[in-house]
Novice: 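Encoded as structure tokens, here's the structure I'll be asking about.
Every value quoted in this text rests on a predicted model; they were computed, and no experiment measured them. In what follows, every chain begins at residue 1, and chains take the letters A, B, ... in the order their sequences are listed.
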There are 2 protein chains.
Amino acid sequence: MAAPDPYERPHRPGGADADTPDDRRGAIRLAALRLFAGQGYRATTMADIGAAVGMRGPSLYKHVASKQELLAEIMISTMERLIEASQEATAGADDVREQLRRAVEAHVRYHARYGLEAFVGNREIGNLEQPNRDRVLRRRGEYERGFRRLIERGLAKGVFDVRSARLASYSILDMGIGVAAWFREGGEFSADQLAYQYGDLALRMVTATAPASRPSSG
Amino acid sequence: MAAPDPYERPHRPGGADADTPDDRRGAIRLAALRLFAGQGYRATTMADIGAAVGMRGPSLYKHVASKQELLAEIMISTMERLIEASQEATAGADDVREQLRRAVEAHVRYHARYGLEAFVGNREIGNLEQPNRDRVLRRRGEYERGFRRLIERGLAKGVFDVRSARLASYSILDMGIGVAAWFREGGEFSADQLAYQYGDLALRMVTATAPASRPSSG
DNA sequence: GCCAGCGGCTAATGATGATTAGCCATCACA
DNA sequence: TGTGATGGCTAATCATCATTAGCCGCTGGC
């Protein structure tokens, strides 16, 4: 309904001049993503995906190796991008509070903007075959650990105050992940507004004393 | 590995004397639950479920009408129980903070104790056929609304302070739901401890001034 | 005007899997 | 001892799909 989605940085080793070949593949990926998100990987047939891009199921094999490959590409690139966004976000900050705020904002913004990917990524891990499943799970573990360590650093400095950094990190991650399930562009909040507010909520959560929340009511 | 699970209150209209009939059905439901949670509804075959209770796939039809019925029973009873637990929890409190604390604790305790059900309930909605799907979604909507109203009440009384009751309620619900994905009995925290700590986190989230968190460090 | 190969199509192929049919042992009980 | 229900089993049935085979038109370079 509303998602131009600039997936995929083009990867043309030879340097093709037209954009048709990658376009087709990108369209298929996008259709697969939407269908996987809407009906689930197993419930989506190659014929469904084909119909979404104007061809028959078997024709898809001229562009992709298998249905599984489509899922793998979606899940792996999603995870990579999430981690990348998080690292970029926290890079320029040395204050722990600021780091957490930025990490949360990136996390939420990601789950708002790439809701479909995130949704599929969270639901279909079990349908990803090895070794990709483990690869994704490992990356995800790293990502979680990053949040936890950030909170632990804050605890060590006395800036944060929670009983368990693990629970706090899980909570923050899960509330962000939840965003993917309901956020739609054009709703009450933009992705950025959402990110900011979730940043507030997260900071409150890990802070014993009142955080500096702007008093403005809008 | 470790879940006796007293599902189902027995419903014997006639008043059978043995427990075998209900037992069998309960065992099947439990096996289905575990398999649905582990591999997903669509990836689970009737043969799988049968094997888990020591019979062949087709024999299951002597006890249940269909695979879909199993899913429906799981999802509907889960939702009912969750709502029930929530209502019982908040019943005896008139302080808004206390109500929220109890609601969150019930929510988290539920997702810790009935993690499999909750997990399946959240992931397999799309595989539930109508009209059950809408029924479950409606119930879930009511449940969410209950939390939101609770927060709005707190806002109105000036006890809580958040920009958006909706976002706060989503956050709280989602962090609790996330518990279902990782909590295991026998880990670092018991379900009750977890519930208590999440209650703290949630209260901090909706409160501008520092909540009364016990100073003890352990 | 030819030809390779790209990208579509239809028709297999081969699994897999829910559900049904029909058979049979057991058992409570008259 | 007979009998009907109960609950299991194997062997269909009938769909649904992913994937493969093999066909063919178009197009771009020659």
Novice: On the ring face of Phe147(B), is Arg166(B) found with NZ or CZ under 6.0 Å from the centre and within 45° of the axis?
Specialist: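 So Arg166(B) doesn't make the cation-pi contact.
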Novice: So which of Arg145(A), Arg138(A), Arg139(A), Arg140(A) actually passes salt bridge (charged side-chain N to carboxylate O under 4.0 Å, His left out) with Glu142(A)?
Specialist: Arg139(A)
Novice: OG of Ser86(A) to CD of Glu105(A): how many Å apart, nearest 0.5 Å?
Specialist: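 With rounding to 0.5 Å, OG (Ser86(A)) is 12.0 Å from CD (Glu105(A)).
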Novice: Round to the nearest Å and state the distance from Ile49(A) atom CD1 to dT19(D) atom C1'.
Specialist: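 In whole Å, dT19(D) C1' and Ile49(A) CD1 are 13 Å from each other.
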Novice: Kindly point out which of dT10(C), dG17(C), dT19(C) is positioned nearest to the side chain of Thr45(B)?
Specialist: dG17(C)
Novice: Could you say whether Arg56(A) or Arg42(A) is positioned toward the 5' end of DNA chain C, judged by the nucleotide with the nearest heavy atom to each?
Specialist: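 First, find each residue's nearest nucleotide; the 5'-ward one identifies Arg56(A).
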Novice: CE of Met46(B) versus P of dC14(D): gap in Å, rounded?
Specialist: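 To the nearest whole Å, that distance equals 19 Å.
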Novice: Using only atom types and a distance under 3.5 Å, with no angle test, would you say the side chain of Glu117(B) pairs donor to acceptor with the backbone of Thr78(B)?
Specialist: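 Absent.
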Novice: Which sits closer to the 5' end of DNA chain D, Lys62(A) or Tyr41(A), going by the nucleotide each is nearest to?
Specialist: Tyr41(A)
Novice: Using a 6.0 Å distance limit plus a 45 degree cone around the ring axis, check whether Arg81(A) lies over the aromatic ring of Tyr114(A).
Specialist: yes
Novice: Starting from C1' on dG7(D), measure out to CZ on Arg25(B) and report it in whole angstrom.
Specialist: 14 Å
Novice: So, is Ser59(B) near the phosphate of dC9(D), with a side-chain N or O under 4.0 Å from OP1 or OP2?
Specialist: yes
Novice: To the nearest Å, how far apart are Met55(B) CE and dG7(D) C1'?
Specialist: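 Answer to the nearest Å: 8 Å.
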Novice: Using whole Å, what does the distance between atom P of nucleotide dG17(C) and atom CD of Gln68(B) come to?
Specialist: 17 Å
Novice: Could you state the atom-to-atom distance from OH of Tyr61(B) to P of dT19(C) in whole Å?
Specialist: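 About 3 Å, once rounded to whole Å.
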Novice: Can a side chain N or O of Lys67(B) be found less than 4.0 Å away from OP1 or OP2 on dA18(C)?
Specialist: yes
Novice: Measuring to OP1 and OP2 of dG8(D), would you say a side-chain N or O of His63(B) lies under 4.0 angstrom away?
Specialist: yes
Novice: Given atom CG of Asp23(A) and atom C1' of dC6(C), what is their separation to the nearest angstrom?
Specialist: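 Nearest whole value for this atom pair: 16 Å.
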Novice: Looking at Arg24(B), I'd like to know whether one of its side-chain N or O atoms comes within less than 4.0 Å of OP1 or OP2 on dG8(D).
Specialist: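 So the side chain of Arg24(B) is within the cut-off, an N or O lying under 4.0 Å from OP1 or OP2 of dG8(D).
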Novice: Round to the nearest Å and state the distance from Leu60(A) atom CG to dC17(D) atom P.
Specialist: 15 Å
